[in-house]
Amino acid sequence: MRSGPRSYVGIGSDYLAMGKTEQARATFAKLQTVARNTGERRLSRFWTAAAYVHDGATDKAIDELKAGYALAEAEHDAGTMSGDLVQMGDVLREAGRLDEALAKYGEAVKVVDASQVPEEFKTATRRNHVFEQARVAVERKDLTTAKAKAAEYEKLVAPRHAPFEIRQQHELAGLVALAEKRFAAALTELGQANQRDPRVLQLLAVAAEGVGDSARAATVATKAAHFNEISFNFAYVKNKARRVPGTGLNERF
């Protein structure tokens with residue numbers, strides 16, 4: 001019996017967890033051959049991009065995401081195109097290519113604004129843009145901008161009470177606190193962020209080490225390094241999280 005398309009994602013992700021990125025890409029390529037629709041063809045591109053991020057091959061990852069974008073563009077799917085641009089921005093930001101990341105985040109807003117998607121989707125995209133701008137500002141160590149954007153984002157999401165956005169708001173507050181070496185505050189904020197995001201877990205490990213809780217830092221870092229869910233974000237933190245607490249987890253901040 002032929003494997004279902006989604007099974008290839010699971011098998012490929014298992015290879016990624018084992019560090020076997022070539023085998024993962026071969027598996028995702030098989031998904032391309034059995035894909036029954038655009039969504040499944042995009043899955044192949046998306047996860048191949050993740051495999052390249054695991055290898056630190058940023059440009060190849062971007063090329064795969066662009067290929068997925070082209071599939072959405074052919075169907076005039078502005079919402080999906082916007083999501084692809086945000087994903088490209090994340091890959092670029094994690095690679096330290098911050099100007100390029102900001103450009104992609106900006107493109108994501110423009111694509112949606114020029115489309116016929118509902119106004120609610122447009123305003124949500126604009127809110128998320130503030131979140132992304134704040135994250136880039138933290139990477140630049142521009143804490144004045146980061147704090148201003150974090151405050152703006154908190155104000156924007158407060159009336160909605162959307163759990164996803166509230167978790168992102170706490171993530172931003174935690175990022176700013178880490179950048180300012182306020183580790184106890186960071187631990188509190190990140191504890192209210194998305195615990196199913198390995199990036200958040202890695203940051204929690206940094207915060208725990210910062211307050212001197214090496215045992216918790218080691219536990220959380222291990223959980224991030226061996227994240228047991230299918231997640232593109234795992235590619236960003238796999239190697240970082242495997243660094244042993246007490247030997248420089250905090251140096252990024």
Side-chain angles (χ1 to χ4, degrees), residues 1-17 20-55 57-95 100-101 103-129 131-132 162 164-165 168 194 196-199 229-236:
M1 180 181 292
R2 187 173 67 171
S3 298
R6 292 279 177 177
S7 68
Y8 288 105
V9 174
I11 294 167
S13 294
D14 286 343
Y15 280 129
L16 291 180
K20 298 180 178 181
T21 53
E22 289 187 12
Q23 290 95 323
R25 281 190 288 273
T27 302
F28 299 139
K30 290 178 183 177
L31 169 55
Q32 189 74 237
T33 67
V34 301
R36 299 161 296 188
N37 52 49
T38 298
E40 291 174 357
R41 287 190 287 275
R42 281 175 42 77
L43 270 181
S44 172
R45 295 295 189 176
F46 181 85
W47 288 107
T48 300
Y52 279 124
V53 173
H54 274 263
D55 286 341
T58 301
D59 289 332
K60 290 181 178 180
I62 294 296
D63 285 343
E64 291 295 328
L65 292 172
K66 285 181 176 178
Y69 177 94
L71 291 170
E73 186 176 31
E75 297 187 350
H76 308 288
D77 186 348
T80 298
M81 292 161 61
S82 177
D84 286 342
L85 289 165
V86 170
Q87 191 73 49
M88 291 180 213
D90 285 355
V91 170
L92 291 164
R93 190 194 71 250
E94 291 288 338
E100 294 173 79
K104 291 299 180 188
Y105 294 141
E107 285 180 50
V109 176
K110 290 177 182 177
V111 164
V112 166
D113 279 345
S115 74
Q116 300 300 312
V117 301
E119 186 60 34
E120 182 179 353
F121 190 95
K122 292 181 179 182
T123 57
T125 301
R126 296 184 199 118
R127 285 196 302 274
N128 194 66
H129 189 224
F131 172 78
E132 302 299 358
F164 171 75
E165 292 182 325
Q168 287 200 151
N194 183 7
R196 298 181 68 178
D197 184 342
R199 291 180 299 183
E229 294 185 40
I230 296 174
S231 171
F232 192 111
N233 291 347
F234 181 47
Y236 302 134

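Values reported hereafter were calculated over all heavy atoms of this structure, with side chains retained and with hydrogens, waters and symmetry mates removed. Computed from a predicted structure; not experimentally measured.
Remark: M81 CE to L71 CG distance equals 11.5 Å, nearest 0.5 Å. Within the model, atoms CD of E100 and CZ of R93 stand 13.5 Å from one another, a figure rounded to the nearest 0.5 Å. Taking OH from Y69 and OG from S82, the interatomic distance works out to 9.0 Å, rounded to the nearest 0.5 Å. Rounding to the nearest 0.5 Å places OG1 of T33 at 12.0 Å from CZ of R41. One distance of note links CG of D63 with OG1 of T48; it measures 12.0 Å at 0.5 Å rounding. Note that CD of Q23 is 13.0 Å distant from CD1 of I11, once rounded to the nearest 0.5 Å.
Between V86 and F131 the shortest side-chain heavy-atom distance does not fall below 4.5 Å. No side-chain heavy atom of L43 sits under 4.5 Å from any side-chain heavy atom of F28. The side-chain heavy atoms of M88 and E107, taken from C-beta on, include no pair separated by under 4.5 Å. Proximity of V53 to F232: side-chain heavy atoms (C-beta onward) are separated by under 4.5 Å at one or more points. Proximity of R25 to Y52: side-chain heavy atoms (C-beta onward) are separated by under 4.5 Å at one or more points. In this structure the side chain of T27 never reaches within 4.5 angstrom of the side chain of W47, judged on heavy atoms.
Looking at every heavy atom in both residues, A50 comes nearest to A235 through O-CB, 3.9 Å. Taking each heavy atom of S44 and L31 in turn, the nearest pair found is N-CD2, 3.6 Å. The minimum heavy-atom distance linking G79 with V117 is given by the pair N-CG1, 4.4 Å. The minimum heavy-atom distance linking A51 with T21 is given by the pair O-CG2, 3.9 Å. Taking every heavy atom of both residues into account, G89 and A101 meet most closely at O-CB, 3.3 Å. Closest non-hydrogen pair, T58 versus A95, comes out as OG1-CB, 3.5 Å.
Residue F46 places its CZ atom among more than 12 non-hydrogen atoms of other residues, nucleotides or ligands, all under 6.0 Å distant. No more than 12 heavy atoms of other residues, nucleotides or ligands lie within 6.0 Å of NZ in K30, so this atom counts as exposed by the packing criterion. Heavy atoms of other residues, nucleotides or ligands lying less than 6.0 angstrom from CD of E120 number 12 at most. The environment of F164 atom CZ is sparse: at most 12 non-hydrogen atoms of other residues, nucleotides or ligands sit within 6.0 angstrom. Around CD of E22, the count of heavy atoms belonging to other residues, nucleotides or ligands within 6.0 Å does not exceed 12.
Put simply, the side chain of S115 gets close to the backbone of V112: a donor and an acceptor are under 3.5 Å apart.
Only one option out of R45, R42, K66, K104 pairs with D84 in a salt bridge (Lys or Arg N to Asp or Glu O under 4.0 Å); it is R42. Among D90, T125, N128, the one residue that satisfies the side chain to side chain donor-acceptor pair (under 3.5 Å) test with Y105 is D90.
No donor-acceptor contact under 3.5 angstrom links the side chains of R126 and T123, judged on distance only.
Classified by interplanar angle (parallel below 30°, tilted 30° to 60°, perpendicular above 60°), the ring pair F234/H54 is perpendicular.
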